[in-house]
Amino acid sequence: MEQEFQIIQRTAVSQTVAEMTAKHPCYSFDAHHKYARMHLPVAPICNISCNYCNRKYDCVNESRPGVTSEVLNPEQCLAKFRQVKQDFPDLSVVGIAGPGDALANWQPVKKSIELIQAESPETIFCLSTNGLLLPCYGQAIIDLGVKHVTVTVNAVDSAVGAKIYHHVLFRGKFYTGEKAASLLYANQLEGIKILVEQGVLVKINIVMAAGINDWHIPAVVKKMKELGVFMTNIMPLIPAPGSVFQDFPQANRIEVDAMRDLCQGDIRQMRHCRQCRADAIGLLQDDQSHRYRGVVITEMDSKEIACR
Ligand code: CLF
Ligand code: SF4
């Protein structure tokens, strides 16, 4: 059977990116036992509203709804990075996965990355986004040297998307229904193309919601394959209390695995995702974030979130 590193080499644009990816605990199954990642909770604002989200919690596109993360500024992120790096010599990746959207908070995100890059050029950076602002910031992400970006794409059809997204706020305008869903999807498409064309390895997260988009997921995966993404990560919906979907059943492991098996023929499937927190730290299977909390600037407050 083909070894994982050979598969990565085939997809990555260069040997350097392949070697980085082999140390990325989410992009490489083999790496997740050995290499740690840390998330910088530097992105509190979100610009869309997913029906499975309650903004009192972290972004559900990458996280399990739980207690709210603290939010740090870039200097605090650097201080926290220094501390964590000392404790985890195998820390390979610094990611930004909320608690809102990485690109809706671009200035602090960029500054945090630059501060850490200056001190630790070997660190791999990773961003997670809903993709709405990818056409605006795709080139800036590339210029910053980020090679790993996750985009959550739950639908490639505006009628399906309209059941998942309550609204989208873009360039000062508020969109709902199919208009919101088609705008989001158009921007995701444009943004993913920009990234893939310039050698960024794009991972697609798909939240599987029973009766809403589960039947549609194979079509999403096929479209993402066409765009040249690296892998898809089909994740079960975890209904956040207080969200529109709070009473929806959560897909069980067998259903999610069956969907991954179905889509495996099209594209590589991530199967070791832990739906971790916006301030997660450590090996995927052994989160140590509780040891590093305490520098709180603002508790997440829905009144402070731009899109609500
Ligand atoms: Fe973080 Fe996400 Fe980067 Fe990984 S998490 S920004 S790609 S470094 Fe990983 Fe966590 Fe799953 Fe995300 S296990 S929720 S896939
Ligand atoms: Fe919530 Fe925004 Fe993440 Fe959707 S993209 S789950 S609305 S934080």
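The first residue in the sequence is number 1, and the count goes up from there. Both counts, for ligands and for their atoms, begin at 1 and track the order of listing.
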* Please report the closest heavy-atom contact between His148 and Met20, naming both atoms and the distance. => CE1-CB, 4.2 Å

* Asked: Does Cys273 put an N, O or S atom under 2.8 Å from atom 11 (Fe) of ligand 1?
  -> yes

* What are the two closest heavy atoms between Val207 and Asn213, and how far apart are they? -> O-ND2, 2.8 Å

* Which of the numbered atoms in ligand 1 are below 4.0 angstrom from a heavy atom of Val93? -> 8 (S)

* Numbered atoms and elements of ligand 1 in range of Leu284, under 4.0 angstrom, heavy atoms -> 13 (S)

* Are the side chains of Leu237 and Met208 in touch, meaning some heavy atoms are under 4.5 Å apart? -> no

* Mode of His24 contact toward ligand 1 - side chain, backbone, both, neither (heavy atoms, under 4.0 Å) -> side chain

* Structure fact -> Quick note on ligand 1: atoms under 4.0 Å from a heavy atom of Thr150 include exactly 7 (S)

* Thr129 pairs by side-chain contact (heavy atoms from CB on, under 4.5 Å) with which of Leu103, Ile141, Thr150, Val109? -> Leu103

* **atom 1 (Fe) of ligand 1 [closest protein heavy-atom partner, distance rounded to 0.1 Å]** => His39 NE2, 2.1 Å

* Asked: Among the heavy atoms of His32, does any lie under 4.0 Å from an atom of ligand 1?
  -> no

* **Atom indices of ligand 2, in the order listed, that fall short of 4.0 Å to a heavy atom of Asn130** => 5 (S)

* **Option among Gln15, Gln3, Glu4 that satisfies the side chain to side chain donor-acceptor pair (under 3.5 Å) test with Gln9** => Gln15

* With atoms numbered from 1 as shown, which atoms in ligand 2 lie under 4.0 angstrom from a non-hydrogen atom of Cys50? -> 4 (Fe), 5 (S), 6 (S), 7 (S)

* Asked: Can you list the atoms of ligand 2 that are under 4.0 Å from a heavy atom of Cys46?
  -> 2 (Fe), 5 (S), 7 (S), 8 (S)

* Met270 touching ligand 1 at heavy-atom level, < 4.0 angstrom -> yes

* For Asp30 and Ser28, does a side-chain donor sit closer than 3.5 Å to a side-chain acceptor? -> no

* Structure fact -> Ranked by distance from atom 3 (Fe) of ligand 1, the top protein heavy atom is Cys126 SG, 2.3 Å

* To do: Please report which non-hydrogen protein atom sits nearest to atom 10 (Fe) of ligand 1, along with the residue it belongs to and the distance in Å to one decimal place.
  => Cys276 SG, 2.1 Å

* So, Thr152 versus Asn130: side-chain donor-acceptor pair below 3.5 Å or not? -> no

* To do: Pull out every atom of ligand 2 sitting under 4.0 Å from any heavy atom of Ile48, numbered as shown with elements.
  => 2 (Fe), 5 (S), 7 (S)

* Asked: Does a donor on one side chain sit under 3.5 Å from an acceptor on the other, for Gln269 and Thr232?
  -> yes

* Asked: Measuring to atom 4 (Fe) of ligand 2, does Cys53 have an N/O/S atom at a distance below 2.8 Å?
  -> no

* Shortest protein heavy-atom distance from atom 15 (S) of ligand 1, along with the residue and atom involved -> Lys203 NZ, 3.2 Å

* Between the side chains of Gln139 and Asp143, is a donor N or O closer than 3.5 angstrom to an acceptor N or O? -> yes

* **Nearest-contact summary for atom 13 (S) of ligand 1 - protein heavy atom, Å** => Arg274 N, 3.4 Å

* Answer yes or no: is there a side-chain heavy-atom contact under 4.5 Å between Cys126 and His24? => yes

* Asked: More than 12 heavy atoms of other residues, nucleotides or ligands under 6.0 Å from NZ of Lys85: is that the case?
  -> yes

* Top protein contact for atom 9 (Fe) of ligand 1, by heavy-atom distance -> Cys26 SG, 2.3 Å

* Structure fact -> If you scan protein heavy atoms around atom 14 (S) of ligand 1, the nearest is Glu62 O, 2.9 Å

* To do: Report yes if some heavy atom in the side chain of Asp257 is under 4.5 Å from a heavy atom in the side chain of Arg271; otherwise report no.
  => yes

